[in-house]
Chemist: 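Take a look at this one; I'll ask things after.
Order of appearance sets the numbers: ligands from 1, and atoms from 1 within every ligand. This structure is a prediction, so every number in the text was calculated from the model and none was measured.
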Amino acid sequence: MTVPSFPSTRAAALDRLERFVPLAGQLYATGRNADPGPDAAGAVSRLSACLRYRLVTEREVVAAVLTRHSLGAAEKFVQEVLWRTYWKGWLEMRPSVWARLLDERERQRQHFPNSRALASAESGMTGIEGFDDWARELVETGYLHNHARMWFASIWIFTLRLPWALGADFFLRHLIDADAASNTLSWRWVAGLQTVGKTYLATADNIARYTGGRFAPKGLAREAVALTEPPVGPAQPLPELAGYSAGEPSLLLVTPEDMNPESQFPTGTPIMAAVVAGGGNLLWGDAARDYVAAAADDTAARVAAHFGCSADVLVTLDAPALLSAAREAGVRQIVTACAPVGPIADRLATLAPVLAGEGVSLVQARRRWDAQFWPQAKKGFFAFKERIPELLRADGLPA
Ligand SMILES: Cc1cc2nc3c(=O)[nH]c(=O)nc-3n(C[C@H](O)[C@H](O)[C@H](O)COP(=O)(O)OP(=O)(O)OC[C@H]3O[C@@H](n4cnc5c(N)ncnc54)[C@H](O)[C@@H]3O)c2cc1C
């Protein structure tokens, strides 16, 4: 099996984007559902790891595509990129859903009785054609095509009857683009929890059709009865990110949530020094950690050149390392891009009071893109989608 490679420098990510742009119109719209397998190129961009860690931003990707295509011609691709933004905003306004995943995962780890079934699903030994191949492909390459992710999650939940939270956890431990929002909410969507009562049923015909006949699994569940849970409360307003003082000399903290601070903090921002957190204690899987380690080296070099300061990579993000970097830089403010709901935000939430106790504030700043789009994710994607052209135009894009 050929391991798909994912650009882990910004220059390589921009190069991939540039090569993909001509294909983002009709070719993408008609070809995106086909999964030709790991050895074939296919119609999708494979930009997800770059977008997930923001080596390139959603805005940059959409802007590049809209310089070549009209919004009408590239609508499908732009909408897919905006699905990512939508999921981020949706979870940001309902952080309890992330907490639910963590609780449910813990509960299932303790109590799910059939550890053998779980092990055979994760190692691709169930005997179900396709499913076993995707399990191995995921572990070996750190990536699955979107359709394969949907089929896999559906078979996991409805044919194998395994706990959805352990499937989501399996993905988060192996996907390079592992993302708290896109992953958790997509698994919930397949299970019938996200759009309450509406499930996704994988069928042999659909799999055979979109894998070019590579797989036609037998014995799949014929119905997908939605899982249930107590209702999720209404969307909360986005948390206020108070306290960032743009004029105050700061230590810049770059986390894997946003590895492109050059496009967020304007030139002239008094960044006295920077630290770039590698994936060490922040990400769940080795593949994601390895990818971020490479991206962190690239990011540190870019940040040092852009802000004209030192930029060190921190293998582990902890309070002593941050305090020592802040003291060395002679600052009392550490600024970082807003970390959306997920393990990194959880980590920052535990660090902030410790740093504050030492007289150093850890403050987050939200990108304009996020501030603009996230609050629109109060309802379903359809309502969100309707506002895309107007919001893109408000951000200066030719939509
Ligand atoms: C069960 C399940 C779990 C998933 N887990 C993740 C995850 O952990 N991280 C992640 O980034 N994506 C996740 N996705 C969404 C999607 O599968 C991947 O983003 C996509 O396969 C990435 O490949 P690509 O870059 O070639 O996508 P393209 O088709 O080229 O799309 C361009 C970009 O749009 C975004 N995008 C595309 N489809 C989706 C989608 N359905 N939802 C959200 N964003 C999308 C991605 O950022 C992607 O890079 C999941 C989907 C499912 C069904």
Side-chain angles (χ1 to χ4, degrees), residues 4-7 13 16-17 19-21 23-25 27-36 38 40-62 64-65 74-91 98 101 131 134 137-138 141-157 164-191 193-194 199-200 202 256-257 283-285 287-288 291 340 342-343 373 377 381 384-385 388:
S5 66
F6 297 97
R16 175 162 297 188
L17 172 61
R19 280 183 289 118
F20 176 73
V21 161
L23 314 174
L27 279 175
Y28 178 83
T30 51
R32 59 177 284 272
N33 278 326
D35 177 11
V44 295
S45 69
R46 291 197 178 170
L47 277 166
S48 56
C50 312
L51 277 164
R52 154 60 188 106
Y53 301 107
R54 281 196 164 155
L55 271 181
V56 291
T57 64
E58 291 101 309
R59 188 185 188 284
E60 282 180 301
V61 170
V62 171
V65 165
E75 187 179 30
K76 200 63 215 162
F77 181 75
V78 171
Q79 279 175 8
E80 290 307 314
V81 174
L82 267 296
W83 259 108
R84 168 180 169 75
T85 302
Y86 170 77
W87 284 142
K88 298 305 280 183
W90 194 96
L91 192 60
W98 172 244
L101 167 73
F131 181 92
W134 298 316
E137 183 180 336
L138 172 63
T141 71
Y143 177 83
L144 285 181
H145 185 280
N146 181 62
H147 224 157
R149 297 184 200 206
M150 290 162 62
W151 296 320
F152 186 93
S154 179
I155 295 170
W156 177 286
I157 297 168
W164 77 270
L166 297 185
D169 175 67
F170 177 52
F171 269 26
L172 285 174
R173 283 184 285 114
H174 292 285
L175 284 171
I176 293 176
D177 63 34
D179 182 84
S182 290
N183 188 64
T184 308
L185 304 182
S186 297
W187 273 86
R188 286 173 51 86
W189 176 80
V190 170
L193 297 169
Q194 189 64 16
T199 53
Y200 175 73
E257 292 296 3
L283 303 169
W284 291 2
Y291 177 87
F373 280 100
F381 185 73
F384 180 87
K385 192 172 79 172
I388 291 176

Chemist: With under 30° as parallel and over 60° as perpendicular, where do the rings of Trp151 and His147 fit, or are they tilted in between?
Modeler: parallel
Chemist: For Ser48, enumerate each residue passing the side-chain hydrogen bond (donor to acceptor under 3.5 Å, both in side chains) test, keeping only those at least two apart in sequence or located in another chain.
Modeler: Asp177
Chemist: Hey, do the aromatic rings of Tyr291 and Phe6 have their centres closer than 6.0 Å?
Modeler: no
Chemist: Near ligand 1, which protein residues have a heavy atom under 4.0 Å away?
Modeler: Tyr28, Val44, Ser45, Arg46, Leu47, Ser48, Leu51, Phe77, Glu80, Val81, Trp83, Arg84, Trp87, Tyr143, Leu144, Asn146, Arg149, Met150, Phe171, Leu175, Asp177, Ala178, Asp179, Ser182, Asn183, Ser186, Trp187
Chemist: Parallel, tilted or perpendicular: which one describes the rings of Tyr200 and Trp189, with boundaries at 30° and 60°?
Modeler: parallel
Chemist: Over 60° means perpendicular and under 30° means parallel, so classify the ring planes of Trp187 and Phe152, tilted if in between.
Modeler: perpendicular
Chemist: Strictly below 4.0 Å, N to O, side chains only: are Glu58 and Arg54 in salt-bridge contact?
Modeler: yes
